[in-house]
J.: 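The following block contains the structure, expressed as structure tokens.
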2 protein chains.
Amino acid sequence: MASIKDVAAEAGVSVATVSRVLNDHPSVSEDARTRVLAAVEALGYRPNAVARSLRTDQTRTLGLVISDVMNPYFTELARSVEEAARALGYSVIIGNADERPDLQDHHVRTLLDRRIDGLLVSPTDGASPLMLDAARGGTPMVFVDRWIPGVDVPVVRADGQAAVRDLVAHLYGLGHRRLAIIAGPAATTTGSERVEAFRAALAEYGLPLPDAHIGQGDFQAESGRRVTEGFLDLPEPPEAVFAADNLMALGALDAIRARGLRVPDDIALAAFDDIPWFVHTDPPITAIAQPTGELGRAAVRALVDRIEGRPPQSVTLPARLVVRRSCGESAPPEQPAASEPSPATNRSQS
Amino acid sequence: MASIKDVAAEAGVSVATVSRVLNDHPSVSEDARTRVLAAVEALGYRPNAVARSLRTDQTRTLGLVISDVMNPYFTELARSVEEAARALGYSVIIGNADERPDLQDHHVRTLLDRRIDGLLVSPTDGASPLMLDAARGGTPMVFVDRWIPGVDVPVVRADGQAAVRDLVAHLYGLGHRRLAIIAGPAATTTGSERVEAFRAALAEYGLPLPDAHIGQGDFQAESGRRVTEGFLDLPEPPEAVFAADNLMALGALDAIRARGLRVPDDIALAAFDDIPWFVHTDPPITAIAQPTGELGRAAVRALVDRIEGRPPQSVTLPARLVVRRSCGESAPPEQPAASEPSPATNRSQS
DNA sequence: CACGTCGATGTAATCGATTCCACGGCGTGG
DNA sequence: CCACGCCGTGGAATCGATTACATCGACGTG
């Protein structure tokens, strides 16, 4: 592959001049510029990003470590992150942690070794020593979706508190009183927050949340199935199940079907994270939708701000309830319910 | 960040010795080795992958350019590719082309600039000049899923011919005679192959495939909706619709529902590419499943073979029909139909 | 005892870019 | 007319590693 030296030789100038042309430095004669450009064209020359990075100490690359690529929520997040980064001239390298702390560490380490300019993380688990080092160690970093408490890193996330309250109101309105939740890992912020929001909302309605109605899942479909089976084995099974992510909702649906029960007639089901497929399940699933695209963009913005020396901002965007049919047929809606996804442009910053 | 020089100073040896320890070169004294290792530990030193790549001319990185990350089929492919690559000590950088040739070129160029060791591509469209250059230009390359005819690059893919024949037999057995297909872009191999396989299978049953029953889609949900609406507007709409990928099937389902029609009572639906969600749609969708994980692994194997100087092999794996309920209730099965996913271990190489 | 061999180590070249600095030529103002 | 400054340019240092080659001491052998 042609190097800058070959171009210099071909154009009859020094490598310094070639470099200047390539980085359009002002002081190059028009004549030299055209000769260099011609040589570049003739040789099909492309600058070696590796060499350039070594010299300039920047790779124009962002790392994104997410908990599970197969989860449509994260896929969409990854996509919007890449899009936003590309618009700013950055590439993105995605690391899939598969909800495994060891894999997460592997990817963080690999990305750091590659000297990425900044790191976007949705931590799978509590803080690993490596992650703490990275956070302190100068690598620009931003948490997205999930975060690690006590670490001084900006966070870009959605707040589901209000939406969870709306959901509980919705369930209550439909007559459901025994509500249960399939929680995510307590070590993740999203895992514990959603339970807390649910508990708080139930309290507002004077409803109990017995321990038997809190199932411990791990954000994967299989755990949703397992937990739901436990719920159904209860002497008095819950009337409604709220899954803390979309995959566990899927597992729950499996378990319910396997018993020959029907949603919502026999049991209601709702999920955190809305995804395109929820429209097509039987029945369509009521869910809490995060403004995923906006989250990705905000995260990139914050990270690039840090990288380029501007003060980064934590951002919290509201999630919202999308009512479908999995909790029961809403009686003739008294007020215009938020049935159709109106884009959530609302945004709060902290 | 600490460099090899710092380590050398700390350990009281030269950089050469440090490098030798790090790459466990035999001729290093036990004493030097322990001192270096201690220094590495003390400084938290990690070798700079950028510098290493520049010198060794290898990045231990594979590029993967896929047509659409949001398509669960490709997400799964990407995941299995990353897994297989990691097992062999390679990282993967994913580029999402979003079915746009310009974006595809952008990613190929970026990856090439980064001097990745090899490139896995599922080409969105016909051959761009850039792609041809890359294929000829020495960068090890393997096509996966889709390929570009006439380019001398190994191909790893699934053959759906037999499965499509099974599908047509299934539909025929259920009494469907007017069959239609939502095709993918003719410029992609998967787009045209699936239509041809379908046409051939219909011919075996003496069934026609009028032009009006071939809708032109683009592998995105929206096109599936549009094409299906066209089918339904026909004076004599088809009795069964076969979507050439999972997203278009989703769009088709939308369109059918929007007319107040029901699957499979009013119209049958089947799809190429099986995905977890198809179990949960209303009704569960009959689909042709590719051995995605195996494809990813085979692709990485082939690419790494090329990179490391072994002769790479093209691989073709069979797809298989997974019958669910979207084409109609199968009458009491005369012969044991392939209803339960038995892992396809069968593999043919060329 | 001298010499060849081998193992451990250091010096320095190298990868492909960027960039500081020096230099020559030319225009301009005093 | 001289000096100063600026512009365009090239030489060379530099980034952080790897590795060919040189060196040096110890040891074995004839």
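Note: hydrogens, waters and symmetry copies are ignored here, and every other heavy atom, side chains too, is used. Letters A, B, ... mirror the listed sequences (proteins, then strands); counts begin at 1. The shown structure was predicted, so the numbers you read here are calculated from the model rather than taken from an experiment.
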J.: Does a side-chain N or O of B:S29 approach OP1 or OP2 of C:dG7 to a distance below 4.0 Å, or not?
T.: no
J.: From CG of A:L54 over to P of C:dT19, roughly how many Å is that when rounded to an integer?
T.: 12 Å
J.: When you measure from the side chain of A:A51, which nucleotide among C:dG10, C:dA17, D:dG16 comes out closest?
T.: C:dA17
J.: Rounded to whole angstroms, how far apart are CZ on B:R114 and P on C:dG16?
T.: 18 Å
J.: What are the two closest heavy atoms between B:V13 and B:R35, and how far apart are they?
T.: CG1-NH2, 3.5 Å
J.: Does any donor-acceptor pair link the side chain of A:R20 with the base of D:dG10 at a separation under 3.5 Å?
T.: yes
J.: Any side-chain N or O of A:S27 under 4.0 Å from OP1/OP2 of D:dC7?
T.: no
J.: Go through the N and O atoms of the side chain of B:R52 and the base of D:dT18, and report whether any donor-acceptor pair is under 3.5 Å.
T.: no
J.: Are B:R114 and A:T61 close enough that a side-chain donor and a side-chain acceptor fall under 3.5 Å?
T.: yes
J.: Taking the side chain of B:T56 as heavy atoms from C-beta outward, which of C:dG16, D:dG11, D:dT18 is closest to it?
T.: D:dT18
J.: From the options D:dG10, D:dA17, C:dG16, select the nucleotide whose nearest atom is closest to the side chain of B:R55.
T.: D:dA17
J.: What is the distance, rounded to the nearest whole Å, between atom CG of B:L22 and atom P of D:dA17?
T.: 8 Å
J.: Report yes if at least one side-chain N or O of B:S19 is closer than 4.0 Å to OP1 or OP2 of D:dT18; otherwise report no.
T.: yes
J.: Please report, rounded to the nearest Å, how far the P atom of C:dT18 is from the CD atom of A:Q58.
T.: 11 Å
J.: Could you state the CZ-P distance from A:R46 to C:dA17, rounded to the nearest angstrom?
T.: 11 Å
J.: If you check every side-chain atom of A:I4, which of C:dG7, D:dA17, C:dA17 has the closest atom?
T.: C:dA17
J.: Want to settle it: does B:H25 or B:R115 sit nearer the 5' end of DNA chain C, counting the closest nucleotide to each?
T.: B:H25
J.: Can you tell me how far CE of A:M141 sits from CD1 of A:I148, rounded to the nearest 0.5 angstrom?
T.: 6.0 Å
J.: Side-chain donor-acceptor pair under 3.5 Å between B:Y73 and B:D145, yes or no?
T.: yes
J.: May I ask you to decide whether B:R79 forms a salt bridge with B:E76, counting only side-chain N to carboxylate O separations under 4.0 Å?
T.: no
J.: Measure from the side chain of B:A16, starting at C-beta and using heavy atoms only, and say which of D:dT19, D:dG10, C:dT18 lies closest.
T.: D:dT19
J.: May I have the distance from B:D57 (atom CG) to D:dG16 (atom P), rounded to whole angstrom?
T.: 20 Å
J.: By the 4.0 Å heavy-atom rule, please label A:A49 as base, sugar-phosphate, or nothing.
T.: nothing
J.: Between B:E30 and A:N48, name the one whose nearest nucleotide on DNA chain C is closer to the 5' end.
T.: B:E30
J.: CG of A:D31 versus P of D:dG8: gap in Å, rounded?
T.: 12 Å
J.: A:R146 and A:S67: side-chain donor and acceptor closer than 3.5 Å?
T.: yes
J.: Taking for each residue the nucleotide of DNA chain D bearing the nearest heavy atom, is the 5' side occupied by B:N23 or by A:P26?
T.: A:P26
J.: Reckon B:V13 touches a base, only the sugar-phosphate, or nothing at all at heavy-atom distances under 4.0 Å?
T.: sugar-phosphate
J.: Round to the nearest Å and state the distance from A:M1 atom CE to C:dG16 atom P.
T.: 11 Å
